[in-house]
Number of protein chains: 2
Amino acid sequence: MHKMNSKNKTFIDKLRSSGLRPTNQRVEISKFLFNRKKTFHFTVEELKNSMNLKRSKKISTATFYNTVHALKSAGHLKEFSLENNTSYYDTNITSHHHFFDNGKVIDIKSDKITFQKLPEAPKGKKIKNVEVVIRLENNN
Amino acid sequence: MHKMNSKNKTFIDKLRSSGLRPTNQRVEISKFLFNRKKTFHFTVEELKNSMNLKRSKKISTATFYNTVHALKSAGHLKEFSLENNTSYYDTNITSHHHFFDNGKVIDIKSDKITFQKLPEAPKGKKIKNVEVVIRLENNN
DNA sequence: AACTACTTTATAATTATTCTAAAGTATGTG
DNA sequence: CACATACTTTAGAATAATTATAAAGTAGTT
């Protein structure tokens with residue numbers, strides 16, 4: 001049996017609302033992802049490595065992928081791509097933008113970028129979201 | 001006059017300026033990519049398949065990857081990513097933006113999007129470029 | 001023509017991800 | 001609260017995109 005405090009409940013709710021039963025593995029992943037102050041950017045591989053590093057009983061790769069996908073589909077994680085064929089996830093699901101600096105990602109609050117002009121969606125389509133990536137390089 | 005020759009020359013120049021000797025394979029890839037009116041979006045796999053379809057002597061996978069990478073590094077192709085772990089390339093290297101519509105990509109001319117406000121680069125960094133992706137969905 | 005450095009190619013290796021199917025577990029029902 | 005059942009976990013195999021290897025071929029120079 002394991003203890004259940006009120007904090008655990010919000011993690012469990014995130015899982016349930018993603019259509020996932022709150023198994024041990026999933027609750028721990030959910031805690032690891034959402035029990036933090038700052039936005040967290042990660043790849044599934046990174047998540048797996050940092051969580052499994054300290055565990056004697058490892059969580060399997062498939063479980064990490066399954067859980068991250070379900071959380072993403074339920075809207076608890078945001079997915080984005082850099083130019084290296086890997087999916088990145090972001091625990092900040094509010095609309096926002098990114099700096100990319102040689103593989104490092106920094107959030108840009110939504111209100112830091114505003115548009116003067118935006119194109120219309122093609123016929124029969126509408127805009128789902130607008131994402132800005134500002135690529136950085138070293139000064140001089 | 002010598003329209004065909006001078007055209008070939010521009011393909012060869014693109015290769016040379018990418019640090020590549022103009023071999024047969026590379027000249028054909030360069031022609032295939034740049035001898036067209038409209039912007040071309042592609043993955044290396046797609047490029048390989050459409051070029052090799054009609055050839056008796058196939059060009060190898062590695063050559064496609066090498067050539068596309070060198071052209072990209074030299075600035076003759078632009079790379080971008082969707083959320084499917086595949087690199088896409090764009091023969092339109094002018095600064096511009098994209099609509100993403102379920103894996104389909106549509107160019108947005110640079111002047112269709114202008115900013116009212118943009119954040120400053122972090123200390124020691126400067127902005128290399130700004131890219132906007134507008135994700136589309138079907139109108140209800 | 002000969003030389004040398006760059007290329008091509010088939011194939012193996014790698015990386016990220018998804019699939020499979022057998023063994024384990026959460027949960028509603030009684 | 002036992003139990004049946006549908007959902008989960010897991011190791012390992014499979015797949016997809018890409019990169020590495022090293023032997024055979026070719027371009028550019030001399």
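Only a predicted model underlies this, so the values are computations on that prediction, with no experimental measurement involved. Numbers restart at 1 for each chain; the letters A, B, ... are given by sequence-line order, proteins then strands.
Geometric assessment of B:Lys72 against the ring of B:Tyr89 yields a negative cation-pi assignment under the 6.0 Å and 45° thresholds.
Ion pairing between A:Lys31 and A:Glu28 fails under the 4.0 Å rule for side-chain N and carboxylate O.
For B:Phe115 and A:Phe115, the gap between ring centers is short of 6.0 Å.
Checked against C:dT18, C:dT7, C:dT9, the side chain of B:Leu20 finds its nearest nucleotide in C:dT7. Closest contact between the side chain of B:Val44 and the listed nucleotides D:dT9, D:dT18, C:dT7 involves D:dT18. Of the candidates D:dA11, C:dT8, C:dA16, the closest approach to any side-chain atom of B:Thr63 belongs to C:dT8. Checked against C:dT18, C:dT9, D:dT9, the side chain of B:Gln25 finds its nearest nucleotide in C:dT9.
The closest donor-acceptor contact from the side chain of A:Ser17 to the backbone of A:Lys14 lies under 3.5 Å. Of the possible donor and acceptor atoms, one in the side chain of A:Lys58 sits under 3.5 Å from a partner among the backbone N and O of A:Asn52. A donor-acceptor contact shorter than 3.5 Å links the side chain of B:Thr91 to the backbone of B:Phe40. Judged purely by atom type and a 3.5 angstrom limit, A:Ser30 has no side-chain atom pairing as donor or acceptor with the backbone of A:Arg26.
Remark: A:Tyr65 is in phosphate contact with C:dT17, judged by side-chain N or O atoms under 4.0 Å from OP1 or OP2. An OP1 or OP2 oxygen of D:dT18 is reached within less than 4.0 angstrom by no side-chain nitrogen or oxygen of B:His69.
The aromatic rings of B:Phe34 and B:His76 lie perpendicular to each other, with more than 60° between the two planes, well past the 30° mark. Using cut-offs of 30° and 60° for the angle between ring planes, the B:His98 and B:His96 rings count as perpendicular.
Counting to the nearest Å, the C1' atom of C:dT7 and the CG atom of B:Leu71 are 15 Å from each other. A:Glu28 has its CD atom 15 Å from the C1' atom of D:dT8, to the nearest Å. Following rounding to the nearest Å, B:Leu47 (CG) and D:dA17 (P) show an atom-to-atom distance of 14 Å. D:dT10 atom C1' lies 13 Å from atom CD1 of A:Ile29, rounded to whole Å. Distance A:Glu45 CD to C:dT17 P: 8 Å, rounded to the nearest Å. Atom CD1 of B:Ile59 is separated from atom P of C:dT9 by 7 Å (rounded to the nearest Å). We find that CZ of B:Arg55 is positioned 8 Å from P of C:dT9, with the value rounded to whole Å. Distance CZ (B:Phe42) to C1' (D:dA17): 15 Å, rounded to an integer number of Å.
Nucleic acid contact for B:Lys58: sugar-phosphate only, since backbone atoms but no base atoms lie under 4.0 Å from a heavy atom of the residue. Residue contacts shown for A:Lys48 are absent, as no nucleic acid heavy atom lies under 4.0 Å away.
Remark: A:Asn85, A:Thr86, A:Ser87 in residues 77-87 of chain A come within less than 4.0 Å of DNA chain C through at least one heavy atom.
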Practice item. Any chance you could list the contact pattern along nucleotides 20-30 of chain D? Use B for base contacts, S for sugar-phosphate-only contacts and - for none, protein heavy atoms under 4.0 Å, 5' to 3'. Key: -------BS--

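B:Gly75 approaches B:Ile93 most closely through the heavy-atom pair O-CD1, 3.2 Å.
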